[in-house]
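Note: hydrogens, waters and symmetry copies are ignored here, and every other heavy atom, side chains too, is used.
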Amino acid sequence: MNSNKMRIAALALLVGAATQVVAAPAPVTELNSSSAQGNSLERLERMLEARNQIQIDMQRQLEQLASEMDELRGVVERNSYDLSQMLERQRELYREVDALSRQPQKAAPETADSKPKSTETYTSNVSENADYEKAVNLILKEKDYNGAVKAFEGFLVAYPQSAYKPNAHYWLGQLYFTKNQLKQAGEQFKAVADYSDSNKRADALLKLGVIAERSNNVDEAKKMYQEVVKTYPDSTSSRQAQASLKKLGK
């Protein structure tokens, strides 16, 4: 009897111990390990998010830089075109100025009632000669084109019947043309075109065609070019007019 009670008591102790083992909490080391893994995952996620944001920011900056480069490229191309146009106008002016400097002078008839021919490049009026030569030298020697504009304008006011009048209008037209002041240039070249005997008329008509073409007045440009070809068929101006007509498709 006593032995049975002892066996029952021993079994009860074993069951109680097993129950305590099953119900016992997990060891502290395991909890700490799980917490550390969670923190590591969170850090990795934050690092990935930060890297993705950096990549997005870099891509946005690259796109902005590419856009700015395109804009700069466009500005450079426009400036290059404007510069080439300006240099071409200056070259035209230099060629014409050089031609003027090589042109021989002719004595004008001194009859009181004779109207000076537009092709004459000399007059007996000493002051008139001096003022005209001064205006020309502002171009040839001093390269003072703004001063030359004022000098030729003043010359036309002071000598309205001058033998140099067509040439003065022509050089004013060239100076305005070089400055891309097309309206003023056209007015001066039209004045030259009114002188049928002027040796500048062919080029004045050609320039009127160029001005009309640049102003998108194609019909007027063709008209001017055709007149140059018809009236001055063997001239350099005619060859240039033909090339322009070909480009415009006649």
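Considering CG of L175 and CD1 of I139, their distance stands at 4.5 Å, rounded to 0.5 Å. To the nearest 0.5 angstrom, R46 atom CZ is 15.5 Å from R51 atom CZ. For the atom pair CG (N217) and CE (M224), the distance works out to 9.5 Å, reported to the nearest 0.5 Å. Note that CD of Q188 is 11.0 Å distant from CD of Q181, once rounded to the nearest 0.5 Å. Between atom CG of residue N180 and atom CD1 of residue I211 there is a gap of 9.5 Å, rounded to the nearest 0.5 Å. Atom CG of L138 is separated from atom CZ of F152 by 8.0 Å, given to the nearest 0.5 angstrom.
A salt bridge does not link D219 with K223: none of the charged nitrogens is closer than 4.0 Å to a carboxylate oxygen. A salt bridge links E213 with K247; the closest basic N to acidic carboxylate O contact falls under 4.0 Å.
At a cut-off of 3.5 Å, with distance as the only test, a side-chain donor of Y232 or R201 sits close to an acceptor on the other residue.
Residues in residues 185-194 take part in no salt bridge (charged side-chain N to carboxylate O under 4.0 Å, His left out) pair, two or more places apart or across chains.
Minimum heavy-atom separation, L248 to Y225: CD1-CE1, 3.9 Å. Scanning all heavy atoms of the two residues, the minimum distance from P166 to V192 falls at O-CG2, 3.4 Å. Taking all atoms of both residues into account, the shortest heavy-atom contact from A221 to G209 is CB-O, 3.4 Å.
Not one N or O on the side chain of S238 forms a donor-acceptor pair closer than 3.5 Å with the backbone of D234. Panel note: side chain K165, backbone P160; a donor-acceptor pair is recorded below 3.5 Å.
Evaluation of the salt bridge (Lys or Arg N to Asp or Glu O under 4.0 Å) rule for R60 yields D57 as partners, not counting sequence neighbours. Contacts of Y176 classified as ring-ring contact (aromatic ring centres under 6.0 Å, His included), with partners at least two apart in sequence or in another chain: none. Shown here are the side chain to side chain donor-acceptor pair (under 3.5 Å) partners of S215, two or more places apart in sequence or in another chain: there are none.
Two residues are said to be in side-chain contact when any heavy atoms from C-beta on lie closer than 4.5 Å; E63 and Q59 meet this criterion. Within the 4.5 Å cutoff, no side-chain heavy atoms of F189 are placed close to those of H169. Side-chain contact between S162 and Y132 is absent, with no heavy-atom pair separated by less than 4.5 Å. The shortest distance between side-chain heavy atoms of R214 and F177 falls below 4.5 Å. Contact check for L156 versus L172: side-chain heavy atoms found under the 4.5 Å cut-off.
Through direct or relayed side-chain contacts under 4.5 Å between Ile, Leu, Val, Met, Phe, Trp and Tyr, I54 connects to M58. Through ILVMFWY side-chain contacts below 4.5 Å, L65 is grouped with nothing and stands alone.
Atom CD of E142 sits in a crowded spot, with more than 12 heavy atoms from other residues, nucleotides or ligands closer than 6.0 Å.
The distance between the ring centers of Y159 and Y164 does not fall below 6.0 angstrom.
The side chain to side chain contact (heavy atoms under 4.5 Å, CB included) test with V228 singles out one residue from P233, S237, S244, and that residue is S237.
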